Amino acid sequence: MQYFIYMTDPKSILKGMIQRLIAFLFVALSVTALAAGISWAEDNHIKIGVLASRGPQQCLKRWKPTADYLTRKIYPEKFVIVPIDYKNVYSTVEKESIDFILVNPSIYVDLEYRYGVSRIATLKQWQHYGGDYAKYGGVIFCKKIRDDIRNLHDLKGKTFMAVDKTSFGGWRMVWRELKEKGIDPAVDFKELRFGGNEDAVVFAVKDGTIDAGTVRSNTLETMDAEGKIFLENFYVINKQGGVNSEVPFLSSTRVYPEWPFAKVRHTSDAVAEKVATALLEIPPDSLAALYAQCAGWTIPLNYQSVHECLKELKIGPYKNLGKITLSDVVRTYWHVILVISILFLVMAGSTIIILNLNRNINASHLKLQTEMDEHKQAEEALRESELKYRTLFESTPDAIMMLNKDGFFDCNASTLKIFNCSSKKEFVNCHPGELSPPEQPEGQDSFIAADEHIEKAFAEGSDFYEWMHQRKDGAVFPAEVLLSRFELGGRMVLQALVREVTERKRAEEQIHTLTQQLMKVQEEERQKISRDLHDHVAQDLSTLRIGCDTLFDNQPKVSPEIKQRVSKFLKLLQGTIVAVRDMAYDLRPPGLDQLGLVRTVFQYCEDFSDRNGVSVDFYSAGVNGLRLDFDTEINLYRLIQEALNNIRKHADASQVAIRLISSFPNIILRMEDDGRGFDIKERLVTALTEKRMGLQNMAERVNLLQGKMRIQSRPKEGTKILIEVPYKEAKSGSKEEHLDH
């Protein structure tokens, strides 16, 4: 049975209801206008065609305020929005049914080639982490529970859905990445479908009717913000984006310039100039920008990267790329043919000149001899350098291997010793996956993971990572691997430096175990002190208060001054009782054993809100019925307690949202405030000097639970903390035995 607790500000509820009512009325009016047969625009209106990647209703809702803004800025012209689906983009432009068009970059490049449309501005996308971005990519995703899909090669034999064949972020960007990995969607996918719009693709993956899909970046974040999905329920394949990347959206591809706003060939330059100026002046906080979910517009970007993508895929303007005819050769290289003809005539005269050049051969021969001597000296220096390298290569205690894409072709003596190989002949031509267990600790296939690291090192020059190796006798051991690219004999090869870290890992595990035991002992001592304070000190103080309160019963002759002093002492005594009980509660809340984690946290949030004047919205799903082990339960409580204390001391926040959700096999804790925020890198540097160890303590607790913690914060933009810890069920009687030690 799931247990839900809601703590919501009534003002927030009223505000949300008003916003949803406005959106509903806007969509209802748009649908009514369509059903009544109202024309999109009169002949004298300026029509802006927009590719409706999420459907016509969503398109009108998003872009009509921009048309209204242009109408106000460029009076007396009237601008209207014309939603266009993927099938009708080309025919609409060809018939000159619109004056301007807003489409994805790949369709724009094709329209520019076919019909001469020209861009006048580029969209700047807004992102809730802050900042505006004029680039975007495509994201490949599946349900998070699909453990069989973790990289691009896992998509083979799976069903896959994209938005449309002409969608750039929703298909063509991803198609290019798949092609570069040697994956042919038409052959390798079990089935390839096109959903027609981005929402349909996301819902198909969410409902499990499709194994994986692709949409443009920021679609998942937008639908999560709209409440249509939960972002944590999805897994991003070939993940490349994020908060610290070139664009902060989840992405699986390289990035390209955003959608261009372009004028159709028949549109006058004067009108286009006014529209471009008005677009560049749109404030990021205007109604037009807010409805468009963007930060405004910028000058037209360079779309060469889009051309390169279409050229590699041989689509759009490049679909006939590589097909050569005689007329193409003459038309393209007529000047080269002319030059060759002239050169042929010149060659006859050049023969005479060549005969005269023979007179200089003797002098050139002497110069060549000098250069040969210098070359011999360089070869000698090279041989000496190679000897020094070979000496270092063979004497180092770490394993050093040379490899190319076919496998190892050389190694030092330490390599043979570490891997228990009898000779280099036994070692060379092996694939790195053959020197590894079938799977790495994260569940990746060793052969596939090794190939990915090799490809990365060849592409970027180096790669450093941890790896589980296996000796010839079957024993496995942890190691650190550094791959470095360099040129050898005119071809690029890799040098692999492998260092065994078994002892270091064992020491780290011992430290982890000791730290965990220390925290357990600390919690036991806290509980013992808490019980003593609650059962003895607080009870004795309460008895003392009752005695003082009844001290002068049946004694009417006691002076008012003495009664007044005793009354003051009673108030002081009551405050002491409350302080002692609060101290006992902070050390170890008794409700944690009696009421469980969820009710105890709920009560703590209410008390925190009353004491500090901060609104705390706590929500729990699927946790109340779980039997969590002692370590998980107490540390989750401490994490929430530490986070709220940090907010009280440093954040200056007015609202806090806490979400505690069971999402098997993890427990997810998400905390967000609207406080002043901070620079994460700067805080990590100054934390020790300023003795602000709250976040460090939280990170240590999460590490002890073998979980993950991610912090998102910027100055004046609040703070978000996302924690995932593995679910561990309490063993029968484990908590009682642990506490009675």
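Everything numeric here is computed off the predicted structure, so don't read it as measured data.
Residues that satisfy the side-chain contact (heavy atoms from CB on, under 4.5 Å) test with Met468, not counting sequence neighbours, are Pro437, Gln440, Pro441, Val476, Pro478. Applying the side-chain contact (heavy atoms from CB on, under 4.5 Å) test to Ser305 and every residue at least two apart in sequence or in another chain returns Tyr256, Pro257. Judged as a side-chain hydrogen bond (donor to acceptor under 3.5 Å, both in side chains), and not counting sequence neighbours, the contacts of Asp148 are Arg146. For Phe189, the ring pair (Phe, Tyr, Trp, His ring centres under 6.0 Å) partners are Phe160, not counting sequence neighbours. Residues meeting the ring pair (Phe, Tyr, Trp, His ring centres under 6.0 Å) test with Phe194, sequence neighbours left out: Trp171. Annotation: side-chain hydrogen bond (donor to acceptor under 3.5 Å, both in side chains) contacts of Lys156 (sequence neighbours excluded): none. Applying the ring pair (Phe, Tyr, Trp, His ring centres under 6.0 Å) test to Tyr108 and every residue at least two apart in sequence or in another chain returns Tyr303. Applying the side-chain contact (heavy atoms from CB on, under 4.5 Å) criterion to Ser713, with sequence neighbours excluded, gives Phe678, Ile680, Thr719. Under the ring pair (Phe, Tyr, Trp, His ring centres under 6.0 Å) criterion, His431 pairs with Phe447, sequence neighbours left out. Under the side-chain contact (heavy atoms from CB on, under 4.5 Å) criterion, Ser53 pairs with Tyr86, Glu198, Trp259, sequence neighbours left out. Residues satisfying the side-chain hydrogen bond (donor to acceptor under 3.5 Å, both in side chains) test with Lys181, not counting sequence neighbours, are Glu455.
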Stepwise side-chain contact (heavy atoms from CB on, under 4.5 Å) check, Leu123 with Phe261: CA-CA 7 Å; Leu123 181 68; Phe261 194 105; over 6 Å; no
Using the rule given for side-chain contact (heavy atoms from CB on, under 4.5 Å), can you reason through Val255 versus Tyr136, listing the C-alpha separation, both sets of side-chain angles and the distance that settles it, and then say yes or no? CA-CA 5 Å; Val255 296; Tyr136 75 112; over 6 Å; no
Is there a side-chain contact (heavy atoms from CB on, under 4.5 Å) between Val201 and Thr214? Walk through the geometry before answering. CA-CA 7 Å; Val201 177; Thr214 178; 5.9 Å; no
Please report the C-alpha distance between Lys206 and Met223 in whole Å, then the side-chain angles of each, then the deciding distance to 0.1 Å, and finally whether the side-chain contact (heavy atoms from CB on, under 4.5 Å) criterion is met. CA-CA 12 Å; Lys206 174 179 174 291; Met223 294 182 70; over 6 Å; no
Step-by-step salt bridge (charged side-chain N to carboxylate O under 4.0 Å, His left out) determination, Glu642 to Arg701: CA-CA 11 Å; Glu642 185 73 44; Arg701 287 187 182 274; 5.9 Å; no
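Looking at Glu221, its side chain does come within 3.5 Å of a backbone N or O of Leu250 through a donor-acceptor pair. Proximity of a side-chain donor or acceptor of Thr209 to a complementary backbone N or O of Ala204 within less than 3.5 Å is detected. A donor-acceptor pair under 3.5 Å links the side-chain atoms of Asn404 to the main chain of Gly407, judged by distance alone. When atom types are taken as modelled, the side chain of Lys179 and the backbone of Glu312 share a donor-acceptor pair closer than 3.5 angstrom. Under a 3.5 Å cut-off, the side chain of Asp188 and the backbone N or O of Ile183 do not form any donor-acceptor pair. Gln240 contributes a side-chain N or O that, together with a main-chain N or O of Ser252, makes up a donor-acceptor pair within less than 3.5 Å. Of the possible polar contacts, one joining the Arg659 side chain to the Asp617 backbone as a donor-acceptor pair under 3.5 Å is found. Using modelled atom types, one side-chain atom of Asn104 and one backbone atom of Ser106 make a donor-acceptor pair closer than 3.5 Å. In this structure, the side chain of Ser217 does not engage the main chain of Ser251 through any donor-acceptor pair within 3.5 Å. A distance-only check finds a donor-acceptor pair linking the side chain of Arg119 to the backbone of Leu301 [under 3.5 Å].
Ion pairing between a basic and an acidic side chain is recognised when a charged N comes within 4.0 Å of a carboxylate O; Arg193 and Glu191 show such pairing. Salt bridge present: Arg254 and Glu180 bring a charged side-chain N and a carboxylate O closer than 4.0 Å. Between Glu442 and Arg150 there is no salt bridge, since no side-chain N of the basic residue sits under 4.0 Å from a carboxylate O of the acidic one. The pair Arg54-Glu226 meets the salt-bridge criterion, with a side-chain N (NZ, NE, NH1 or NH2) lying under 4.0 Å from an Asp/Glu carboxylate O.
Around atom NZ of Lys124, more than 12 heavy atoms belonging to other residues, nucleotides or ligands sit under 6.0 Å away. The environment of Lys708 atom NZ is sparse: at most 12 non-hydrogen atoms of other residues, nucleotides or ligands sit within 6.0 angstrom.
With rounding to the nearest 0.5 angstrom, the CZ atom of Arg172 is 6.5 Å from the CD1 atom of Ile107.
Nearest heavy atoms, Ala459 versus Arg485: O-NH1, 3.6 Å. Of all non-hydrogen atoms in Asp147 and Lys144, the two that sit nearest each other are OD1-O, 4.1 Å. Contact record, Leu660 with Val623: O-CG2, 3.7 Å, taken as the closest heavy-atom pair. In plain terms, the two heavy atoms of Cys605 and Ile658 that are nearest each other are SG-CD1, 4.0 Å. Heavy atoms only, all atoms of each residue included: Asn151 and Ile237 are closest at C-CG2, 3.5 Å. Minimum heavy-atom separation, Gly622 to Ser662: O-CB, 3.3 Å.
Taking the six-membered ring for Trp and thresholds of 30 and 60 degrees, Phe618 and Phe602 have ring planes inclined between 30 and 60 degrees apart. Ring geometry, Tyr318 versus His307: the interplanar angle exceeds 60°, so the pair is classed perpendicular (tilted spans 30 to 60°).
Leu111 has its side chain within reach of Val89: a pair of non-hydrogen atoms, C-beta onward, lies under 4.5 Å apart. Looking at heavy atoms from C-beta onward, Met671 lies in side-chain contact with Leu669 at the 4.5 angstrom threshold.
Legend: ring pair (Phe, Tyr, Trp, His ring centres under 6.0 Å) pairs involving residues 198-235, not counting sequence neighbours, sorted by first then second residue: Phe141-Phe234.
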